[in-house]
Amino acid sequence: MTDVQGGFRGWVAARKGVWSRLRFTSLRLRLVVVFGLVALTAAVSASGIAYWLNREAVLTRTQDAVLRDFEQEMQNRAGLLPEKPTQDELQHTAGQMANSSQRFSVLLVAQDADGKPAYGNSGGLDGFTLADVPQSLRTAVNEKQQVDSSNKAEYHLYWQRTVADDTPYLVAGTKVIGGGPTGYMLKSLEPEAKDLNSLGWSLGIATGLALIGSALLAQAAATTVLKPVQRLGAAARRLGEGKLDTRLRVSGTDELADLSRTFNKAAEALEKRVADMAGRDDASRRFVADMSHELRTPLTAITAVTEVLEEELEMETGSMDPMIEPAVRLVVSETRRLNDLVENLMEVTRFDAGTARLVIDQVDLADQITACIDARAWLDAVDLDAERGIMARLDPRRLDVILANLIGNALKHGGSPVRVAVQEADDSIVIAVRDHGPGIPEDVLPHVFDRFYKASASRPRSEGSGLGLSIALENAHIHGGEITAANSPDGGAVFTLRLPRDASNLTEQTDANETDGKASDGPKKGDA
């Protein structure tokens with residue numbers, strides 16, 4: 001059953017691929033359609049003109065031959081009849097006239113000696129009758145015309161084409177000049193109609209072949225024209241995917257070749273520009289990383305000294321001069337802030353270099369959040385709404401960094417109590433951190449995760465470095481998650497963290513600081 005479904009899906013996918021290539025917005029299809037319409041118009045026009053010319057030629061040739069033969073028969077045979085012939089004479093003459101080379105039916109009409117109408121036809125009683133002759137033709141035949149310089153005969157030969165029982169006929173009639181019978185002729189044009197039908201079919205087939213030929217020609221032309229365009233499109237897609245070494249093979253001197261050359265020049269310039277920017281970016285990251293590493297050595301010594309000074313302040317033995325005590329407290333505070341800044345800069349450098357990696361472990365979210373809050377002495381200021389037993393496979397250290405930054409930011413800028421709620425959603429977990437402060441201004445919301453961004457330009461110096469929320473967001477991204485910031489309808493800001501329940505299937509990345517022993521696995525103080 002699975003094989004059958006797979007085959008059906010493959011067939012559907014193939015059909016969709018064909019349709020996508022033949023959709024009406026496709027230039028290839030439009031070229032084929034335009035070529036086809038032009039060829040169809042030309043072929044139909046040529047076939048129509050050829051059919052009309054051949055039809056007129058065939059009918060005119062047959063018609064002239066029949067009328068000429070009928071006129072001669074009327075002169076040679078009907079003209080020898082007496083002015084008032086008998087029916088037998090009419091019948092005999094009509095039969096003789098019908099035996100001519102054209103094989104048409106003849107009807108002779110005259111008045112006998114008693115003044116009564118007499119008829120004679122070549123087909124007996126069931127043959128050609130006067131009823132088969134259109135009234136308009138009979139009227140024209142019997143109409144006597146005045147003889148003058150432009151008209152030398154009282155009566156003329158008239159003809160008309162008619163259709164009876166789907167069969168075309170030629171009907172003609174004339175009157176013997178100087179007194180005598182009136183003769184009518186009926187000739188079937190069915191052989192000529194069959195010939196014209198055959199001609200029509202031949203022209204129709206020729207039109208179809210011309211249409212197919214034009215479609216093939218259009219396909220060939222479209223392939224010739226569009227193949228370079230398709231290669232250009234594929235190259236542009238590869239360039240958009242970051243393959244900056246993509247180039248087109250240029251052949252010819254036409255406009256498409258010029259376009260390919262232009263693309264290659266643009267791609268070369270882009271590659272050089274990106275390489276220069278990447279080089280400057282790498283140099284900048286190396287500078288930050290090197291600076292951070294270099295700062296750690298003197299910071300270690302300074303931190304040791306400030307710890308001693310801080311212990312002296314806490315002992316309150318009175319050994320420290322009250323005049324320098326504020327300066328000592330400032331040095332201790334700023335040293336701690338500088339140490340946090342260096343650690344954050346190193347963490348940002350790992351993310352930028354792509355060397356950060358996950359160390360996955362099975363954690364209970366309630367225990368993890370409780371440990372984060374307890375390690376920073378926030379138990380009295382934070383309300384936790386999380387049931388025990390909600391398990392997830394995450395990096396505990398990075399989750400601690402995220403929570404510390406979100407909760408610390410809420411306590412610093414929002415105000416307690418801060419509420420942390422955990423919910424389960426399908427294959428992910430959602431952690432919401434809400435404060436009860438004034439909320440985040442609308443113009444600040446789009447920038448809260450920007451590095452070194454501070455909402456108030458009048459306070460460029462603050463306890464935080466402006467990197468905390470950006471680091472939290474990067475840690476969420478490396479898990480395959482996301483953090484969003486919004487204002488609650490009931491007041492206060494809400495930061496929502498969404499992480500996959502199992503991040504172990506993500507591609508692990510090498511953490512450079514863990515390989516050289518410089519990573520810190522302990523919880524860090526969050527700053528925003």
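Only a predicted model underlies this, so the values are computations on that prediction, with no experimental measurement involved. Heads up: numbering here begins at 1 and tracks the sequence.
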Please list, one pair per line, the donor and acceptor atoms closer than 3.5 Å that link side chains of residues 158-165 to other protein atoms, with sequence neighbours excluded.
residue	atom	partner	partner atom	Å
Y158	OH	Q145	NE2	2.7
Q160	OE1	S136	OG	3.4
R161	NE	Q63	OE1	3.3
R161	NH2	Q63	OE1	3.2

List the atom pairs, with distances to 0.1 Å, where a side-chain N or O of residues 199-208 and a protein N or O form a donor-acceptor pair under 3.5 Å, not counting sequence neighbours.
residue	atom	partner	partner atom	Å
S202	OG	S198	O	2.9
T207	OG1	S47	OG	2.9
T207	OG1	L203	O	2.8

Would you mind writing out the side-chain donor-acceptor pairs for residues 234-242 within the sub-3.5 Å range, not counting sequence neighbours?
none

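With sequence neighbours left out, the side chain to side chain donor-acceptor pair (under 3.5 Å) criterion links R273 to no other residue. Partners of D276 by salt bridge (charged side-chain N to carboxylate O under 4.0 Å, His left out), not counting sequence neighbours, listed by chain and number: K272.
Checking side-chain atoms of S122 against main-chain N and O of V106 turns up a donor-acceptor pair under 3.5 Å. Checking side-chain atoms of N76 against main-chain N and O of Q72 turns up a donor-acceptor pair under 3.5 Å. The backbone N or O of A57 lies less than 3.5 Å from no partner atom in the side chain of T60, so there is not a single donor-acceptor pair. Without hydrogens or angle criteria, N121 side chain to F128 main chain gives a donor-acceptor distance under 3.5 Å.
In the displayed structure, E482 atom CD is contacted under 6.0 Å by more than 12 heavy atoms of other residues, nucleotides or ligands.
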Q: Evaluate the side chain to side chain contact (heavy atoms under 4.5 Å, CB included) criterion for residues I440 and V448: first the C-alpha distance (whole Å), next the side-chain angles of each, then the deciding distance (0.1 Å), finally the verdict.
A: CA-CA 9 Å; I440 304 175; V448 292; 4.0 Å; yes
Q.
Is there a side chain to side chain contact (heavy atoms under 4.5 Å, CB included) between I478 and D395? Walk through the geometry before answering.
A. CA-CA 10 Å; I478 198 175; D395 186 328; over 6 Å; no
Q.
Test side-chain hydrogen bond (donor to acceptor under 3.5 Å, both in side chains) on E192 and T62; report intermediate values, then the result.
A. CA-CA 8 Å; E192 287 73 15; T62 302; 3.3 Å; yes
Q. V141 and L157: side chain to side chain contact (heavy atoms under 4.5 Å, CB included), yes or no, with the steps?
A. CA-CA 7 Å; V141 168; L157 175 66; over 6 Å; no
Q) Please walk me through it: do L244 and L270 pass side chain to side chain contact (heavy atoms under 4.5 Å, CB included)? A) CA-CA 7 Å; L244 302 181; L270 179 63; 4.1 Å; yes
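A 4.5 Å side-chain heavy-atom check between V363 and M391 finds every atom pair outside the cut-off. Under the 4.5 Å side-chain criterion, counting only non-hydrogen atoms from C-beta, V250 is in contact with N264. The side-chain heavy atoms of S428 and R501, taken from C-beta on, include no pair separated by under 4.5 Å. Using a 4.5 Å heavy-atom threshold, the side chains of E271 and D245 count as touching. By the 4.5 Å heavy-atom criterion applied to side chains, L186 and V133 are not counted as neighbours. Looking at S188 and T167, their side chains come closer than 4.5 Å, going by heavy atoms from C-beta outward. Here the side chains of H479 and R398 are in contact, with some heavy-atom distance below 4.5 Å.
No side-chain N or O of E73 forms a donor-acceptor pair with one of S100 less than 3.5 Å apart.
The side chain to side chain contact (heavy atoms under 4.5 Å, CB included) test with L394 is passed by exactly one of L365, D502, V359: L365. In summary, of the residues considered (L406, V422, T496, I483), a side chain to side chain contact (heavy atoms under 4.5 Å, CB included) with I431 occurs for V422 alone.
Residue pairs satisfying the salt bridge (charged side-chain N to carboxylate O under 4.0 Å, His left out) criterion with at least one member in residues 128-150, sequence neighbours excluded, are listed as follows: K144-E154.
Atom CG of N142 and atom CG of L137 lie 9.5 Å apart (nearest 0.5 Å). Rounded to the nearest 0.5 Å, atoms OG1 (T93) and CG (D88) are 10.5 Å apart. The CD atom of Q102 sits 9.5 Å away from the CG atom of L67 when rounded to the nearest 0.5 Å.
With a 6.0 Å cutoff to the six-membered ring centre and a 45° limit on the axis angle, K175 counts as a cation-pi contact of Y155.
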